[in-house]
Amino acid sequence: AQSVSQHNHHVILSEAASLELGCNYSYGGTVNLFWYVQYPGQHLQLLLKYFSGDPLVKGIKGFEAEFIKSKFSFNLRKPSVQWSDTAEYFCAVNAPGRDDKIIFGKGTRLHILP
Amino acid sequence: GAVVSQHPSWVICKSGTSVKIECRSLDFQATTMFWYRQFPKQSLMLMATSNEGSKATYEQGVEKDKFLINHASLTLSTLTVTSAHPEDSSFYICSARDPTLDRGSKNIQYFGAGTRLSVL
C-alpha cells in the first residue's frame, strides 16, 4: 500500500526566508502527487499537483515542487515566505492505476513570524 | 472551480444519538466521494469511499454499521454516525472528484470545510 512521509512536523520561519518541506512516498508504480494547504479555519485547498511531464511543477502563491522519481520525493519549496503562508501543508499520493484513494502525509505546520 | 459543501459545520450531540453529515458537490456531479476523519494535529484518515448508486467501500478498521454512508445522488453523500459516543468526537471531512475532467485532473479531490462533531 502507498504511504506518505513528511519529515517536518512543525516549521517556524521568519518572513522572506526560503522554505523547503520534505515529502517521501512509498509506491513503486505510477503516481499522482499533490500538495494541499489548510489555512487556519479554512478547508483543504490544492496547492499544486504532479501527474506527468516536467518534474518541476509550479503552483499557486509562488510555491513549487520537484518530483524526483529516484528518491521517491516530492518536496515543496518557496524562495521567500510571507506571513500569510502560515498554514498546515499536506503531501498526498494517489496511484491512478490502482484505486481512487489519495493517501495523505501527517502534515507540516508552518508558522511564519512577521 | 469545483466546490464541495459540507453541512453542518459543527454539531454537538448527546451520547447514544445519531448524527447525519451531508456532503454536496455544488457545480459538478461526483460519482465518487470520500469521507475522512482528522484527529487533532494529525493527518486525514480515509474512512470510506462513497460510490453513487452502490455500497460504500470502507477502510480496514472502520465499522460500517457505525458510520453509515449513503450516496443516493450524483451530488450528495451522507455520513451518519450512529449511536455516537464521546470517542467519536472528531473532525469529519468529505471530498469529491470531478470525473469529467481530463487525465490526471480527475484524481484531484475537492474538499468540504469539514464538520466538527462533539459528543457529550
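Excluded from the calculations below are hydrogen atoms, water molecules and symmetry mates; all remaining heavy atoms, backbone and side chain alike, are included. Each chain gets a letter, A, B and so on, in the order the sequences are listed, and its residues count up from 1.
- In this structure, chain A has a heavy atom under 4.5 Å from the side chain of B:Leu46, while its backbone stays farther away.
- Checked for salt-bridge contact, B:Arg24 and B:Glu22 meet the test: a charged N lies under 4.0 Å from a carboxylate O.
- Within residues 106-114 of chain A, the residues approaching chain B closer than 4.5 Å by heavy atoms are, in numerical order, A:Lys106, A:Arg109.
- For the 3.5 Å distance criterion, the side chains of A:Asn75 and A:Ser73 fail to qualify, holding no donor opposite an acceptor.
- Chain B forms the most heavy-atom pairs under 4.5 Å with one residue out of A:Ile102, A:Ile103, A:Val4, and that residue is A:Ile102.
- Using cut-offs of 30° and 60° for the angle between ring planes, the A:Phe67 and A:Tyr50 rings count as tilted.
- Checked against a 6.0 Å centroid threshold, the rings of A:Phe104 and A:Tyr36 count as neighbours.
- Contacts of B:Gln6 with chain A are absent, with no heavy-atom separation under 4.5 Å from either backbone or side chain.
- Side-chain contact, A:Ser26 with A:Ser3: a donor N or O sits under 3.5 Å from an acceptor N or O.
- There is no contact between A:Gln42 and chain B, counting heavy-atom distances below 4.5 Å.
- Counting only residues at least two apart or on different chains, the salt bridge (Lys or Arg N to Asp or Glu O under 4.0 Å) pairs with a member in residues 49-61 of chain B are A:Lys101-B:Glu59.
- When the side chains of ILVMFWY residues are joined at heavy-atom separations under 4.5 Å, either directly or via intervening members, B:Tyr58 and B:Leu79 end up in a single hydrophobic cluster.
- Relative to the ring axis of A:Phe63, A:Lys78 places its NZ or CZ within 45° and under 6.0 Å from the centre.
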